[in-house]
There are 2 protein chains.
Amino acid sequence: MTCAEEYTPQLRARGYRMTPQRLAILHILHHNGGHLSPVEVFDAARRELPGLTEATVYRTLEFLAENHLARPALNGNGHIAYEIARHEHHHLICRRCGNEMEVEHAILKSMYARLESESGYRLTDRHLTFFGLCPDCQKGEL
Amino acid sequence: MTCAEEYTPQLRARGYRMTPQRLAILHILHHNGGHLSPVEVFDAARRELPGLTEATVYRTLEFLAENHLARPALNGNGHIAYEIARHEHHHLICRRCGNEMEVEHAILKSMYARLESESGYRLTDRHLTFFGLCPDCQKGEL
DNA sequence: CTCCTTATTGCAACTTTTTGCAATTGCCTA
DNA sequence: TAGGCAATTGCAAAAAGTTGCAATAAGGAG
Ligand SMILES: [Mn+2]
Ligand SMILES: [Mn+2]
Ligand SMILES: [Zn+2]
Ligand SMILES: [Zn+2]
């Protein structure tokens with residue numbers, strides 16, 4: 001299934017339009033898989049679609065996140081990066097060396113449940129970033 | 001105890017210097033209490049200290065965070081804000097209305113422990129931001 | 001108190017992100 | 001298939017954030 005076939009109906013169902021700009025950006029995110037900064041998305045998407053502007057990239061990434069096709073994440077340098085929405089996971093980043101690992105949402109599930117029942121909020125985001133020290137860097141701490 | 005009396009020894013102990021710039025920014029954060037964006041800090045601190053530059057504000061906020069005198073937090077619009085380091089807590093923000101509430105770290109403690117043992121990381125940050133829907137906005141969802 | 005070292009700041013150029021508005025275009029209707 | 005309307009984009013200016021480097025000044029030593 002192509003990106004167009006996969007994502008166009010999802011947008012239409014919500015009353016939005018598919019555009020070449022959105023498709024190019026979805027295509028980049030889909031085939032890259034990882035986290036990309038808006039600038040990285042812009043550079044890549046502009047190759048597929050000359051004339052694309054930064055403003056559109058920023059607006060589109062935010063739009064895709066609101067519509068659950070992409071997920072924003074805080075990365076090590078305190079900026080937001082985006083990835084295509086796939087399985088629910090979180091990130092651990094080492095403050096010292098930048099090393100990063102993924103954690104399945106299942107591990108946090110009961111904590112989410114408790115947080116929801118204590119606060120009354122319904123938690124929608126499943127893409128947190130935790131900071132800490134990786135095993136290697138803990139040794140150097142002593 | 002004044003801000004100078006409180007914070008100067010903490011910086012000295014780590015081998016850093018207290019400066020009028022750092023003191024002004026600490027003073028702002030300390031007496032405001034809440035989350036402030038770098039621009040808000042800049043505007044306020046500049047009143048106490050004309051000549052202060054944006055570059056110094058950004059560098060100082062990052063420096064204070066690294067040294068545990070301030071804590072960075074992701075706020076509703078996806079940007080980083082800072083607050084003076086006090087008790088350990090997290091935030092819940094409503095995606096729809098922006099309503100925000102604090103959650104004591106105690107509630108997440110066991111989840112942190114599990115995450116640490118499963119990953120090998122030692123988690124240093126105690127200032128997460130969770131997004132979701134507040135009780136009121138859930139009603140409008142139906 | 002003065003000197004010295006080097007951490008820290010200001011400056012200025014640059015990059016990234018945001019915003020209002022007019023022009024464009026996706027897609028629904030006929 | 002053509003027309004019309006509102007969603008979406010490009011443009012351009014502004015705001016926010018970053019960086020290298022030279023000048024400044026905090027605070028320890030003498
Ligand atoms: Mn991710
Ligand atoms: Mn807080
Ligand atoms: Zn590490
Ligand atoms: Zn709400």
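Chain identifiers are assigned alphabetically (A, B, ...) following the order of the sequence lines, protein sequences preceding nucleic acid strands; residue numbering begins at 1 within each chain.
Not one side-chain nitrogen or oxygen of Thr56(A) sits closer than 4.0 Å to the OP1 or OP2 atom of dT9(D). Close to dG10(D), at under 4.0 Å from its OP1 or OP2, lies a side-chain N or O of Gln21(A).
At a threshold of 4.0 angstrom between heavy atoms, the contacts of Gly15(A) with the nucleic acid are absent. Among the protein residues, Tyr16(A) comes within range of the sugar-phosphate backbone only, with heavy atoms under 4.0 Å from sugar or phosphate atoms but none that close to a base.
Listed candidates were dG10(D), dT25(C), dC11(C). Nearest to the side chain of Arg17(A) is dT25(C). Set against dT9(C), dT9(D), dT5(C), the side chain of Thr19(A) has dT9(D) as its closest nucleotide. The side chain of Pro38(B) has dG17(D) as its nearest neighbour among dT25(C), dA12(C), dG17(D). Among dG27(D), dA12(C), dT16(C), the nucleotide with an atom closest to any side-chain atom of Ala55(B) is dA12(C).
Only at 4.0 angstrom or more do the heavy atoms of residues 24-32 of chain A sit from any atom of DNA chain C, so none qualifies. Only His79(B), listed by number, bring a heavy atom of residues 67-81 of chain B to less than 4.0 angstrom from any atom of DNA chain C.
Rounded to whole Å, atom P of dC11(D) lies 10 Å from atom CG of Leu52(A). Taking atom CZ on Arg46(A) and atom P on dT16(C), their separation rounds to 11 Å, with Å as the unit. Rounded to an integer number of Å, the gap from Arg14(A) CZ to dA7(D) P is 16 Å. Here dC14(C) presents its P atom at 17 Å from CD of Glu54(A), a figure rounded to the nearest Å. Summarising the geometry, the separation between OH on Tyr58(A) and C1' on dC11(D) is reported as 16 Å, rounded to the nearest angstrom. Atoms CG (Asp43(A)) and C1' (dT15(C)) sit 12 Å apart, rounded to a whole Å. Whole-Å rounding puts the Leu61(A) CG to dT18(C) C1' distance at 14 Å. For Leu11(A) and dT8(D), the CG to C1' distance is 12 Å, given to the nearest whole Å.
Although no hydrogens or angles enter the test, the distance criterion places a donor-acceptor pair under 3.5 Å between the side chain of Ser117(A) and the main chain of Arg114(A). In this structure, the side chain of Arg96(A) does not engage the main chain of Asp136(A) through any donor-acceptor pair within 3.5 Å. Proximity of a side-chain donor or acceptor of Arg71(A) to a complementary backbone N or O of Arg86(A) within less than 3.5 Å is detected. At least one donor-acceptor pair closer than 3.5 Å links the side chain of His31(B) to the backbone N or O of His27(B). The backbone N or O of Leu23(B) lies less than 3.5 Å from no partner atom in the side chain of Glu48(B), so there is not a single donor-acceptor pair.
A donor-acceptor contact under 3.5 Å is not formed by the side chain of Arg22(B) with the base of dT9(C). Between the side chain of Arg59(B) and the base of dG17(D), no donor-acceptor pair of N or O atoms lies under 3.5 Å.
The aromatic rings of His90(A) and Phe130(A) sit perpendicular, their planes meeting at an angle over 60°, well past the 30° parallel limit. Relative orientation of the His89(B) and His91(B) rings is perpendicular, given thresholds of 30° and 60° on the angle between their planes.
Within a 6.0 Å radius of CD in Glu40(A), other residues, nucleotides and ligands contribute more than 12 heavy atoms.
The ring of His105(B) has its center no closer than 6.0 angstrom to the ring center of His127(B).
The shortest side-chain heavy-atom distance between Leu64(A) and Tyr82(A) does not fall under the 4.5 Å cut-off.
In terms of position on DNA chain D, the residue among Met18(B) and Glu62(B) whose nearest nucleotide sits closer to the 5' end is Glu62(B).
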